[in-house]
Amino acid sequence: MKVEARNMTIDNVLGKGKFIIPSYQREYDWDDENIEEFINDIEESDIGDNYFIGHMVFNGDFNGNTFEVIDGQQRITTITILLCCLRDIFIERGNLDLANAIHNKYLFSIDRDNNPYAILENKMPYPILQTRIQSKPEDRDNTVEPQKKGEKKILSSYNKLLKRIAGYSIDDLRKLRDKILQLETIFVAATGLEDASTIFMTLNATGKDLTALDLVKNYVFSKYPSMPHIEEPNDSWKTILQNTSGLTKENEKDRFLNNSFASRYKKVSDSKIYKEIVKQFKSGKIDAKKFISELKEDSEIYKTIIKPDLSNYSKTDYDIYESVNAIISFFKIEVANAFLLSLIREYKKNNISKGMTIIALNSIEHFHFINNAICSKRSSGYDLLYAKYAQELFLQKTKQKKHEVIKNLVKVLLSRIPDEVDYNASFNKRVYYKSTLTKQKSLVQYILTKMERRENKNAVLINISLEHIYPEKPNKDWYKLTNDDNLMYIGNLALLDSGLNSEIGNKSYSLKRKTILKKSKIITTKKVFENEQWREQDIIDRTQKICQYMYTDAWRR
């Protein structure tokens with residue numbers, strides 16, 4: 001790897017030659033807030049105190065004169081736009097020497113054959129940048145309208161910056177020019193796209209430039225075979241981004257990339273994912289078309305896992321939705337994502353049976369209910385375990401072999417379930433609910449729903465509520481509890497059909513019982529109210545019974 005890094009001012013950077021933003025880069029994405037912050041930082045710096053704007057990473061020989069921008073696109077584009085604004089104001093005021101000095105040194109230059117070239121060239125292409133920003137006012141074609149989102153933001157940035165400095169005096173404009181040219185960066189040049197991208201990942205630069213997924217896109221697009229009149233891989237990539245947008249976390253796109261790769265090939269850290277993907281390409285195990293196709297396929301599945309929505313599952317797959325929702329939404333488990341992705345992918349391809357899919361999900365749900373939700377144990381290291389079985393599931397060629405992989409994972413998880421003594425000691429500390437203590441409400445609801453679904457496989461429990469059998473605010477018809485905590489334990493809680501809550505309120509047990517036995521459709525709730533009276537010992541006994549049931553019986557198939 002040939003790498004050189006130098007401390008340089010923008011004055012020196014723009015004098016090195018041509019800078020190319022390749023077509024596979026993300027679009028220009030700075031908004032008004034970014035622009036405002038950038039210009040404020042420049043203006044608040046003192047002349048002579050070079051303001052540091054971070055690393056910039058380029059693909060190219062440091063001693064050469066042509067560089068691909070890997071990290072720094074947003075900054076170098078904004079600097080170019082700002083210099084264009086300065087030039088245009090100087091032209092408008094008749095200061096042509098000042099205008100030409102900027103235009104001929106920092107915006108355009110000439111090669112050895114005396115041919116002019118733009119110092120910053122965007123290969124996307126961005127005609128707005130070339131025809132309406134970089135060109136002098138008299139040479140512009142203002143009939144060209146922005147088509148891409150990035151072009152609109154470029155034009156918006158130019159207009160905002162031009163308006164911001166339009167009223168400055170010539171001296172203030174000169175000072176601003178000098179501050180821009182004195183901006184300081186670490187100029188990092190690495191020969192070869194792979195090395196330059198690896199350097200970027202190592203530096204972990206901040207800003208809106210590139211993510212791990214962006215870097216992988218750069219590499220894969222550069223390897224993708226050109227096909228005339230076919231908008232690939234762009235169309236597929238748009239689908240991938242759409243499927244992984246608006247998920248639960250800001251860096252979910254990178255998490256998706258990691259989980260997709262881990263579900264097929266190898267589990268590595270986020271910082272090493274790019275290098276490992278390149279290695280797979282060089283080994284011949286994957287190529288650009290195959291990789292894009294796999295990412296697109298996985299993105300469709302991933303969105304249904306990370307943000308489970310019943311509308312994304314068929315009616316016959318409600319039980320699959322139910323388990324995925326429990327693992328992701330109730331238990332907040334992320335370590336199993338690679339395996340979940342591999343499992344659902346194989347199921348959708350009919351490579352494994354629905355029965356084995358349910359067994360796998362049931363086993364994961366069982367383990368994390370006890371290990372995480374009840375016993376509060378960590379899941380560190382389990383991402384490697386799940387990735388191992390995800391890859392085995394992907395690699396096996398027959399349904400029988402794939403089923404064996406699932407059975408082996410089930411055995412491993414079963415062997416690691418925490419001891420029942422620890423579980424019993426933790427249960428009441430984790431499973432409770434009342435109006436002033438709502439943290440564990442979803443867990444209580446999860447358990448009661450699980451029990452109801454075991455009684456009635458056709459139950460789809462939507463818009464249900466939790467009911468305290470012994471009410472939180474008992475009237476005179478109720479006895480006094482000897483231990484007030486029994487009020488909030490699960491033995492005193494039941495699922496209630498939509499609309500019944502307001503009807504029964506804190507009425508006496510006999511009146512509650514009459515209403516529920518007559519109107520409720522929830523089997524487990526009706527069974528509780530078959531008791532002719534509700535004593536404190538009934539709460540204790542039912543709590544213990546549910547505790548035991550959820551350790552073993554709830555998971556038997």
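Just so it is clear, the model here is predicted, and its values are computed rather than measured.
- Electrostatic pairing of E334 and R255 counts as a salt bridge here, judged by a charged N lying under 4.0 Å from a carboxylate O.
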Less than 3.5 Å apart, which donor and acceptor atoms pair up between the side chains of residues 156-163 and the rest of the protein, not counting sequence neighbours?
unit_1: S157; atom_1: OG; unit_2: Y28; atom_2: OH; d: 3.3
unit_1: S157; atom_1: OG; unit_2: K153; atom_2: O; d: 2.9
unit_1: Y158; atom_1: OH; unit_2: D88; atom_2: OD2; d: 2.5
unit_1: Y158; atom_1: OH; unit_2: R140; atom_2: NH1; d: 3.4
unit_1: N159; atom_1: ND2; unit_2: L155; atom_2: O; d: 3.2
unit_1: K160; atom_1: NZ; unit_2: E36; atom_2: OE1; d: 3.3

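- By the 30° and 60° cut-offs, the orientation of the rings of Y265 relative to F261 is tilted.
- Residues I344 and I320 have side chains in contact (heavy-atom distance under 4.5 Å, counting atoms from C-beta outward).
- Applying the side-chain contact (heavy atoms from CB on, under 4.5 Å) test to Y117 and every residue at least two apart in sequence or in another chain returns K18, S109, D111, I119.
- Counting only N and O atoms by type, the side chains of R164 and N40 include a donor and acceptor under 3.5 Å apart.
- A salt bridge links K388 and E392; the closest N-O separation between the charged side-chain nitrogens and carboxylate oxygens is under 4.0 Å.
- Counting non-hydrogen atoms of neighbouring residues, nucleotides and ligands closer than 6.0 angstrom, the NZ atom of K290 exceeds 12 such neighbours.
- Shown here are the side-chain contact (heavy atoms from CB on, under 4.5 Å) partners of V278, two or more places apart in sequence or in another chain: E194, Y219, Y274, K282.
- For an aromatic pair to be called close, the ring centres must be under 6.0 Å apart, and F67 with F187 satisfies this.
- Side chains of E346 and S342: a donor-acceptor N/O pair is absent below 3.5 angstrom, by distance only.
- Inter-residue side-chain proximity for F339 and L385 is flagged as unmet; no heavy-atom pair is nearer than 4.5 Å.
- Of all the heavy atoms in I240 and I292, the pair that sits closest is CD1-O, 4.1 Å.
- Considering only residues two or more places apart in sequence or on other chains, S380 meets the side-chain contact (heavy atoms from CB on, under 4.5 Å) condition with R378.
- For K354, the NZ atom counts as densely surrounded, since its 6.0 Å shell holds more than 12 non-hydrogen atoms of other residues, nucleotides or ligands.
- In this view, Y347 and D317 satisfy the side chain to side chain donor-acceptor pair (under 3.5 Å) rule, not counting sequence neighbours.
- The pair K349-E297 meets the salt-bridge criterion, since a charged nitrogen lies less than 4.0 angstrom from a carboxylate oxygen.
- By the 4.0 Å N-to-carboxylate-O rule, E27 lies too far from K148 to be salt-bridged with it.
- Using a cut-off of 4.0 Å between Lys/Arg side-chain N and Asp/Glu carboxylate O, E4 and R6 are scored as salt-bridged.
- A donor-acceptor pair shorter than 3.5 Å cannot be found between the side chains of D29 and Q74.
- Using a cutoff of 4.0 Å between basic side-chain nitrogens and carboxylate oxygens, D287 and K223 are not scored as salt-bridged.
- The pair E121-K123 meets the salt-bridge criterion, with a side-chain N (NZ, NE, NH1 or NH2) lying under 4.0 Å from an Asp/Glu carboxylate O.
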(request) Begin with the C-alpha distance, continue with both residues' side-chain angles, and end with the deciding distance and a verdict on side-chain contact (heavy atoms from CB on, under 4.5 Å) for Q391 and S263. (result) CA-CA 5 Å; Q391 292 153 31; S263 74; over 6 Å; no
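- By the 4.5 Å heavy-atom criterion applied to side chains, F256 and I306 are not counted as neighbours.
- Side chains of K402 and N351: no donor on one and acceptor on the other come within 3.5 Å.
- Side-chain atoms of Q182 and T9 include no donor-acceptor pair closer than 3.5 Å.
- Using a 3.5 Å distance cut-off with no hydrogens or angles, the side chains of D309 and T304 do not pair a donor with an acceptor.
- Cation-pi check for K16 over F62 is met; the charged atom lies under 6.0 angstrom from the ring centroid and within 45 degrees of its normal.
- Looking at K179 and E43, no side-chain N of the basic residue comes within less than 4.0 Å of a carboxylate O on the acidic one, giving no salt bridge.
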What side-chain donor-acceptor pairs closer than 3.5 Å can you find for residues 95-102, not counting sequence neighbours?
unit_1: N100; atom_1: OD1; unit_2: K136; atom_2: NZ; d: 2.8
unit_1: N100; atom_1: ND2; unit_2: L96; atom_2: O; d: 3.2

